[in-house]
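Notes to accompany the following structure.
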2 protein chains.
Amino acid sequence: MVYSIGQLSKETQCKVPTIRYYEEIGLLDKAQRSAGNQRRYTSQQCQRLHFIRHSRALGFSLDEIKQLIHLQDCQHHDAHQAHDVAQHHLADVRNKIEQLKTLEQQLLTMIDSCDVDETEDCLVLKSLNEVS
Amino acid sequence: MVYSIGQLSKETQCKVPTIRYYEEIGLLDKAQRSAGNQRRYTSQQCQRLHFIRHSRALGFSLDEIKQLIHLQDCQHHDAHQAHDVAQHHLADVRNKIEQLKTLEQQLLTMIDSCDVDETEDCLVLKSLNEVS
DNA sequence: GCTTGAACCTCTAGTTACTAGAGCTTGTAT
DNA sequence: ATACAAGCTCTAGTAACTAGAGGTTCAAGC
């Protein structure tokens, strides 16, 4: 199976300029070209793009994905390096969740303090002005 | 009290280039200048920068902060517009938390599936290759 | 074989919220 | 008077794309 960039785009739900961008930064190998200079992709490249998109959906950065791809390509890697990348990322995600929960609480407090007292000005601005 | 940009920076914990950047995009008014063209700030501007930093710490975007500042400056605003901005932001934050929790689960599943079976290759890469 | 139009090409610039560096000038303390 | 920290402007870089201009190629229908 050979894909044009548009077909690959449909297959992987990845926008055409994004595919070109991935090639540009070396995340995807340079595609073969048709006689008229248009990109042609193999099933393998299609699978790699699926891998990239799936990883992105899980929040891995392009840099992390580069590492994961390298681990895939290099046969002699330690069995647990990919595991480490994933675990590191999991820690990041948990950190972000904690931060956002704190934030959620602060916003709630701010908004609630305002609901109590409908007759006055909204206190949101006031509370943002307080030096914490 | 009159501040140089460095003093303002210390006072607000906001880096010097960031202050200049806020001026450039119109989030802070243009500062007065000394005879030698250096920026001089008043206590009012210092308070405004505190407001901006506090809002940023709560995750408001610069655009949202612009709206909030406009609401402060404009005396004739609806008492609850700031409330709305905050509530909208709260919804965003909650959304992000939900997404990250889903992600956390997927990562956990991936990593755990690998721990079960230590003798084989790490399954992280394999599971990223599966088309979900 | 010719025409049409969708899909392709490259290149540049924009997005968000800053950060870093070059090369020069000003302020202040001794 | 001098030294040097702190200031100035301008340009470019970060992450991960997205959008548009202006031109070319492919594939289908006649």
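The structure presented is a predicted model; accordingly, all values stated were derived computationally and were not measured.
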Rounding to an integer number of Å, can you tell me how far [X] [atom1] sits from [N] [atom2]?
X       : N      : atom1 : atom2 : answer
A:Gln32 : C:dC9  : CD    : P     : 14 Å
A:Asp63 : D:dT14 : CG    : C1'   : 11 Å
B:Tyr41 : D:dA6  : OH    : C1'   : 14 Å

Next on the checklist: Can you list, in residue-number order, the parts of residues 8-31 of chain B that come under 4.0 Å of DNA chain D, counting heavy atoms only?
Outcome noted: B:Arg20
Checklist entry - Has B:Ser4 got a side-chain N or O lying under 4.0 Å from the OP1 or OP2 atom of D:dG7? => result yes
Next on the checklist: Below the 4.0 Å mark, does C:dC8 have OP1 or OP2 next to a side-chain nitrogen or oxygen of A:Arg39?
Outcome noted: no
Checklist entry - Has B:Lys66 got more than 12 heavy atoms of other residues, nucleotides or ligands less than 6.0 Å from its NZ? => result yes
Item to check | side chain to side chain contact (heavy atoms under 4.5 Å, CB included), paired with A:Cys46, selected from A:Gln7, A:Met1, A:Glu11 | outcome: A:Glu11
Checklist outcome for this item: Only residue of B:Ile5, B:Leu27, B:Ile52 satisfying side chain to side chain contact (heavy atoms under 4.5 Å, CB included) with B:Ile19 is B:Ile5
Next on the checklist: Assuming nearest nucleotide by heavy-atom distance, tell me which of B:Arg56 and A:Ile5 is located more 5' along DNA chain C.
Outcome noted: A:Ile5
Checklist outcome for this item: Among D:dG7, D:dA16, D:dC8, the one nearest any side-chain atom of B:Arg33 is D:dC8
When you compare the protein's N or O atoms with those of nucleotides 22-29 of chain C, which come within less than 3.5 Å of each other, and at what distance?
{"unit_1": "C:dG27", "atom_1": "OP1", "unit_2": "B:Ser34", "atom_2": "OG", "d": "3.0"}
{"unit_1": "C:dG27", "atom_1": "OP1", "unit_2": "B:Gly36", "atom_2": "N", "d": "3.0"}

Checklist entry - Does a donor on one side chain sit under 3.5 Å from an acceptor on the other, for A:Tyr41 and A:Arg48? => result no
